[in-house]
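Report on one structure; see the data block that follows.
Side chains included, hydrogens not; waters and symmetry mates left out as well; all remaining heavy atoms used.
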Number of protein chains: 2
Amino acid sequence: MSAGPGRPDGVDGAEKRAGAAPARRATISDVAREAGTGKTSISRYLNGELGVLSPDLRARIEAAIERLDYRPNQMARGLKRGRNRLLGLLLADLANPYSVEVLQGVEAACHALGYMPLICHAANEIEMERRYLQLLTTYRVEGVIVNALGVRESMLKPVGGGGIPAVLIDRTVDGLDADMVGLDNAAAVHLGTKHLLSRGYHDIVFVVQPFAQVSSRREREAAFRESMQASGGAARGLTHVLDLQDEAAVQISLAALDAHLARAAASGARCALFAANAPVALRLALHLKAALGAHWQQRVALIAIDDPDWAELAGITTIRQPTREIGYRAVEFLHERIEGAALAARSAAFEGELVVRASTLG
Amino acid sequence: MSAGPGRPDGVDGAEKRAGAAPARRATISDVAREAGTGKTSISRYLNGELGVLSPDLRARIEAAIERLDYRPNQMARGLKRGRNRLLGLLLADLANPYSVEVLQGVEAACHALGYMPLICHAANEIEMERRYLQLLTTYRVEGVIVNALGVRESMLKPVGGGGIPAVLIDRTVDGLDADMVGLDNAAAVHLGTKHLLSRGYHDIVFVVQPFAQVSSRREREAAFRESMQASGGAARGLTHVLDLQDEAAVQISLAALDAHLARAAASGARCALFAANAPVALRLALHLKAALGAHWQQRVALIAIDDPDWAELAGITTIRQPTREIGYRAVEFLHERIEGAALAARSAAFEGELVVRASTLG
DNA sequence: CTGTTAGCGCTTTCAG
DNA sequence: CTGAAAGCGCTAACAG
């Protein structure tokens, strides 16, 4: 991680200046000198303690700052103050539109509360995630929001314990007692199955990525089974695993799915696929299109949790998560922890919203 | 932007510790004391100057670090060294898959070169962009990669001038002489029109967002017109503007487009739409589907620059940009500048790749 | 091979 | 109202 020695320090292109502009950014001392005062007053000015400065001094400071195009160095401030207003946001997969939307909520909240988000993208690599978490520690972020891949609780701060304050998004982390915000998975799945059943689909396959390690997937899968049981055997439910990280496994799994669909079709059952999230839905749709042709929608119904922008185009029924709010709330939770709130771990579960489209109106 | 006074400093939940863990992260002094040596040796150890430490001292240091779970503070290092290994990445719109892909290239390069990307998302808000640029300055990033919305050159560093080193992505900034990396727009558009003409489409509408302020759009539009002229009047070309930031304008524009399509259909011309980028393509596809029904593809051809994941699902022909490489190269350029390279502004234009799908095989 | 001594740019007592 | 001085955690001469 360290840059290592050996860099030719002699090189210095920055010296080639056009003319007036200072080679080095002005420091607080420069401003103090320019304004003919001490650093303290500058600092006071920067921190908004205006009432305490004489109008004259204040004017001189303003002028000096302007003239030197001075910008306080956050790093130095952070070092002295012990807080740098940096929040880490660790995302498992930015290719998932869910993450991008949550990110937007996080950004909005950060602005409102005066934080700067340090966004880290693990790209589904558990090793990346580990490195980023370490990096965040190193940059002394005041807290982290984690959409975990495989983080161990050891690096995070359990409520009331040591480490760095964390709030979890979408997924819990084994053994970590922290604030959590996400979807009300059980309710969302029930919403979906109820819709499917009401539309007369009596053979439902729930397709989900390997769920043992990921709480949200686990909860969705459990809710699905429970939901089907509650239907009193009126419909047949089946869980199907699709490991998107392993293309070979995906092929095998899709073949099995095809077989199931064929069997169902032969027996005259109306069949629906319930994708546990957007990436799964996309993979399914692509496959169905390839396997059944452009009019695959007439052969099998598809519903999904998450509402990516292409869902409308493809006409797929979805259960939309209030993603922005999830991100926003996560920051709020974290902020409270950072400010020292000593309450027990909280959890916010938002409701999903059913968006009915053509795919389930067959 | 400043936190302002008035925060109740008395509150301090962090004091409520479970037991052993230290309330405060260990500092280099703690480690030195624990290892029974001076800070210098610790620093040397941290910076990989291992050959210069006796095996014994080294072992003691390692043990101490381990015991205290010590992590060097990057902020302090940066303050002292004058470089904090932070790079700013200013993105106009993360909802555009293009940005996410470029981002991945940037991340990869950052890892390889030892930087930490500070990702800022302007969300198409020019004011946000300005604030972020200021913030990045304040955090003393060593350089910025900018996918500009409306940045003025005043904040950035023209090659050889003052300010912060910048490299531009996809779009140039008026009056800023900086490194630039993006798509070979002219070639990409030619690729598209050639394909369309060869498939017998003789009425082509190029749909683009307002292009006066954005160099890539401008170049694409110009290339389109030139391309049509070069076809020697064999086909009719028309530029159509779609301002996605203004829903009312979009409606009007789409209505006009519908009229054009109807006219073309009446005259028996085979008509194609050429979307200048993915967001435009999505909007067009959604509209066509709503206006012409699920089988809109049989009525009008669609081709687009950019290759979002839904393109395959919708069967839309695209011109794919090597997005990862663009991001990677941008970091490399920036790195060279940071290291002091004093060459003239460079520009890297990557070739697009035509991905033919059903939409243009009608 | 190792430690001492100055700061990096800023905030914060503590005296004027 | 204002400024001098002492660090925050770390690195980099400069002596041993």
Rounded to whole Å, please give me the gap between [atom1] in [X] and [atom2] in [N].
{"X": "A:Arg83", "N": "D:dG9", "atom1": "CZ", "atom2": "C1'", "answer": "18 Å"}
{"X": "A:Lys39", "N": "C:dC14", "atom1": "NZ", "atom2": "P", "answer": "18 Å"}
{"X": "B:Arg58", "N": "C:dT2", "atom1": "CZ", "atom2": "P", "answer": "12 Å"}
{"X": "A:Ile42", "N": "C:dC10", "atom1": "CD1", "atom2": "C1'", "answer": "12 Å"}
{"X": "A:Lys80", "N": "D:dA6", "atom1": "NZ", "atom2": "P", "answer": "12 Å"}
{"X": "B:Arg81", "N": "D:dC8", "atom1": "CZ", "atom2": "P", "answer": "20 Å"}
{"X": "B:Leu50", "N": "C:dT2", "atom1": "CG", "atom2": "C1'", "answer": "15 Å"}
{"X": "A:Ile65", "N": "C:dC10", "atom1": "CD1", "atom2": "P", "answer": "10 Å"}

Assess the side chains of A:Tyr132 and A:His121: does a donor N or O sit below 3.5 Å from an acceptor N or O?
->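 Side-chain D/A pair, A:Tyr132 to A:His121: absent.
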Going by distance alone, is a donor N or O of one side chain under 3.5 Å from an acceptor N or O of the other, for B:Tyr45 and B:Glu62?
->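 B:Glu62 and B:Tyr45 do have a side-chain donor-acceptor pair below 3.5 Å.
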Distance test, side-chain N/O of [X] to OP1/OP2 of [N], below 4.0 Å:
{"X": "B:Ser43", "N": "D:dT11", "value": "yes"}
{"X": "A:Thr27", "N": "C:dC8", "value": "no"}
{"X": "B:Asn73", "N": "D:dC8", "value": "no"}
{"X": "A:Tyr45", "N": "D:dT2", "value": "no"}
{"X": "B:Ser29", "N": "D:dG9", "value": "no"}
{"X": "B:Ser41", "N": "C:dC1", "value": "no"}

Compare all side-chain heavy atoms of B:Phe333 with those of B:Met180 and state whether any distance is below 4.5 angstrom.
->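 No; the side chains remain at least 4.5 Å from each other.
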By nearest atom, which of the nucleotides [options] is closest to the [X] side chain?
{"X": "B:Thr37", "options": "D:dC1, C:dG3, C:dG9", "answer": "C:dG3"}
{"X": "B:Leu46", "options": "D:dC8, C:dG3, D:dT11", "answer": "D:dT11"}
{"X": "B:Thr40", "options": "D:dC1, C:dG9, D:dA13", "answer": "D:dA13"}
{"X": "B:Pro72", "options": "D:dC10, D:dT2, C:dG9", "answer": "D:dC10"}
{"X": "B:Ile28", "options": "C:dT12, C:dG9, D:dT11", "answer": "D:dT11"}

Residue B:Glu66 excluded, over 12 heavy atoms near CD under 6.0 Å |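 Counting other residues, nucleotides and ligands, CD of B:Glu66 stays at 12 neighbours or fewer.
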Any sub-3.5 Å donor-acceptor pair from B:Arg171's side-chain atoms to B:Leu168's backbone N or O?
->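 No: the side chain of B:Arg171 does not pair with the backbone of B:Leu168.
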Measure from the side-chain N and O atoms of B:Arg33 to the backbone N and O of B:Gly38, and report whether any donor-acceptor pair falls under 3.5 Å.
->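 Side chain of B:Arg33 to backbone of B:Gly38: no pair is present.
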Using heavy atoms to find the nearest nucleotide of DNA chain D for A:Leu79 and A:Val52 separately, return the residue whose nucleotide is more 5′.
->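 The answer here is A:Val52.
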Checking only heavy atoms, does the side chain of B:Arg44 share a donor-acceptor pair with the base of C:dG3 at less than 3.5 Å?
->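 Between C:dG3 and B:Arg44, which were checked side chain against base, a qualifying N/O pair under 3.5 Å is present.
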Heavy atoms under 4.0 Å, any strand shown: does B:Leu53 hit a base, just sugar-phosphate, or nothing?
->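 If one applies the 4.0 Å heavy-atom cut-off, B:Leu53 turns out to touch the sugar-phosphate alone, with no base involved.
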